[in-house]
2 protein chains.
Amino acid sequence: MSIRHGLLALLTRGPRYGYQLRAEFETATGGAWPLNIGQVYTTLGRLERDGLAVRGAEDAEGRHVYAVTDAGRAEAARWFASPVGRADRPRDELAVKLALALTGSGVDVRAVVQAQRASTLATMRDLTRRKLGVAEPAQALVLDAQIFQAEAEIRWLDHCERSLR
Amino acid sequence: MSIRHGLLALLTRGPRYGYQLRAEFETATGGAWPLNIGQVYTTLGRLERDGLAVRGAEDAEGRHVYAVTDAGRAEAARWFASPVGRADRPRDELAVKLALALTGSGVDVRAVVQAQRASTLATMRDLTRRKLGVAEPAQALVLDAQIFQAEAEIRWLDHCERSLR
DNA sequence: CACCGCATGTAACGTGTTACATGATTCA
DNA sequence: TGAATCATGTAACACGTTACATGCGGTG
């Protein structure tokens, strides 16, 4: 529910229209997760359906402006206040893959670990390089989040390889 | 696509029926991501639709057994051979939240970080405790993956808090 | 004029979740 | 007998992605 809550959070800063929301979302997150414009409109429709936002009149340039409702403001506050729990996260595809490779499939586990390690290292180099050109603190922190995760993945892969012996 | 590929990987070990697939999936992953039984059947239907598995005759106990096809075997091999890339992963809800909290919303970023940190620490304690009772190496590695991720999250949160000053 | 960027949407599709319905077997 | 477990499925729904269609305005 990152998109839904993200757009809602942006709306709490003031009325916004679709294109504007996508631009602000991508600016804030440094384009780490590009947001399809179609998704913005369907999400806005659902926010309105659920009483968290209302579609107001068109502005001077004829854009369709949405505004947050009281319920939407409360929901956004609730989102910021409640931590992201373990159950909220999707299945970790890599962990699933390794677990299945380990338990009696004919797969060469070491090869899987090696391939993943090389790929994750390349990712980390890329992220580190991209961080040099970033001035916005929010964007830098998003990049840092990905870097920290990639580091943890490398550590885990090495840990897996040690366990194989 | 963890479920789809996970079930496919299990089928490469031999013909299986729905309940059996769920049991083996949860055993391999240590129950970290419980798998709804309904999802197993819909996924099996899609695997058959896509030519990756076929529904064979019922076994002696009247169970509906599925078997992997050549195409399915190839797809499973491709899955194991290709690393999980950055674009494959879903949006990190926590990073999105922090990024939006930082960029000019009226939110107390420090409070968000503190709440998340406490929650993630509790998660880590729970995972560490649960690891004591685990003997299966695959299950232990899945738990380790979550522990490593939680550690990285704590480090990142501390990094965020330092950046706030 | 053609093309591009802005702006709004819709349709089709895939994955995943939950809830519900059904029947057989086993066990207290 | 009644409850739990095994086993198979369907229906409704939510979220997200992609592709497509439309219209406006500016620019080469």
Side-chain angles (χ1 to χ4, degrees), chain A residues 1-8 10 15-27 29 32-53 55-66 75 79 84-93 96, chain B residues 1-8 10 15-27 29 32-53 55-66 75 79 84-93 96:
Chain A
M1 311 258 286
S2 303
I3 294 182
R4 183 182 165 94
H5 282 116
L7 297 187
L8 189 57
L10 288 173
R16 296 284 192 279
Y17 56 92
Y19 240 67
Q20 199 177 6
L21 287 169
R22 178 174 78 159
E24 292 188 10
F25 183 93
E26 296 206 345
T27 300
T29 58
W33 303 285
L35 183 51
N36 187 282
I37 182 63
Q39 182 68 15
V40 175
Y41 295 111
T42 56
T43 302
L44 282 173
R46 288 160 188 170
L47 287 175
E48 185 168 34
R49 176 199 62 189
D50 299 337
L52 306 178
R55 179 173 166 170
E58 304 186 357
D59 69 357
E61 284 79 18
R63 305 184 194 113
H64 300 181
V65 169
Y66 283 78
E75 173 59 20
W79 183 57
V84 179
R86 204 174 4 131
D88 301 335
R89 305 177 208 242
R91 283 172 187 80
D92 180 347
E93 183 166 349
V96 169
Chain B
M1 312 260 286
S2 302
I3 295 182
R4 182 182 166 92
H5 282 118
L7 296 188
L8 188 58
L10 287 173
R16 297 284 193 277
Y17 58 91
Y19 239 67
Q20 199 177 6
L21 287 169
R22 178 173 78 159
E24 292 188 9
F25 183 94
E26 297 205 345
T27 300
T29 58
W33 303 284
L35 183 51
N36 187 282
I37 182 62
Q39 181 67 15
V40 175
Y41 295 111
T42 57
T43 301
L44 282 174
R46 289 161 188 169
L47 287 175
E48 185 168 34
R49 178 200 61 190
D50 300 338
L52 305 178
R55 180 172 165 171
E58 303 187 356
D59 69 357
E61 284 79 21
R63 306 183 192 111
H64 300 182
V65 169
Y66 283 78
E75 173 59 21
W79 183 57
V84 180
R86 205 173 5 132
D88 302 336
R89 305 176 207 244
R91 284 173 187 78
D92 179 347
E93 182 165 350
V96 168

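The structure presented is a predicted model; accordingly, all values stated were derived computationally and were not measured. Here is the naming used below: chain letters follow the sequence lines, and residue numbers restart at 1 for every chain.
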Identify which nucleotide among [options] has an atom closest to any side-chain atom of [X], counting heavy atoms from C-beta outward.
X	options	value
Ile37(A)	dT8(C), dG9(D), dT15(C)	dT8(C)
Arg63(B)	dG16(C), dA7(D), dG9(C)	dA7(D)
Tyr41(A)	dG9(D), dG16(C), dT10(C)	dT10(C)

Can you see if the side chain of Arg55(A) gets near the phosphate of dG9(C) - specifically, an N or O under 4.0 Å from OP1 or OP2?
yes

Is the phosphate of dG9(C) approached by His64(A) (side-chain N or O, under 4.0 Å from OP1 or OP2)?
yes

[X] has an atom [atom1]; how far is it from atom [atom2] of [N], in whole Å?
X	N	atom1	atom2	answer
Tyr19(A)	dT8(C)	OH	C1'	9 Å
Arg22(A)	dG5(C)	CZ	C1'	11 Å
Asn36(A)	dA12(C)	CG	C1'	14 Å
Leu8(B)	dT15(C)	CG	C1'	16 Å
Leu35(B)	dC6(D)	CG	P	15 Å
Arg49(B)	dG14(C)	CZ	C1'	8 Å
Gln20(B)	dA7(D)	CD	C1'	12 Å
Leu7(B)	dT8(D)	CG	P	13 Å

Does Arg22(B) count as lying over the ring of Tyr19(B), i.e. NZ or CZ under 6.0 Å from the six-ring centre, within 45 degrees of the axis?
yes

Closest non-hydrogen atom pair between [X] and [Y], with its separation:
X	Y	answer
Trp33(A)	Asp92(B)	CZ2-N, 3.6 Å
Glu75(A)	His5(A)	OE2-NE2, 2.8 Å
Val65(A)	Asp59(A)	CG2-CB, 4.1 Å

Remember a base hit wins even if backbone is also touched, and classify [X] as base, sugar-phosphate or nothing at under 4.0 Å, heavy atoms.
X	value
Gly45(B)	nothing
Arg91(A)	sugar-phosphate
Arg46(B)	base

Could you check Tyr17(B) against Thr42(B) and say which one's nearest nucleotide on DNA chain D is further toward the 5' end?
Tyr17(B)

Glu93(A) vs Arg89(B) side-chain heavy atoms within contact, under 4.5 Å
no

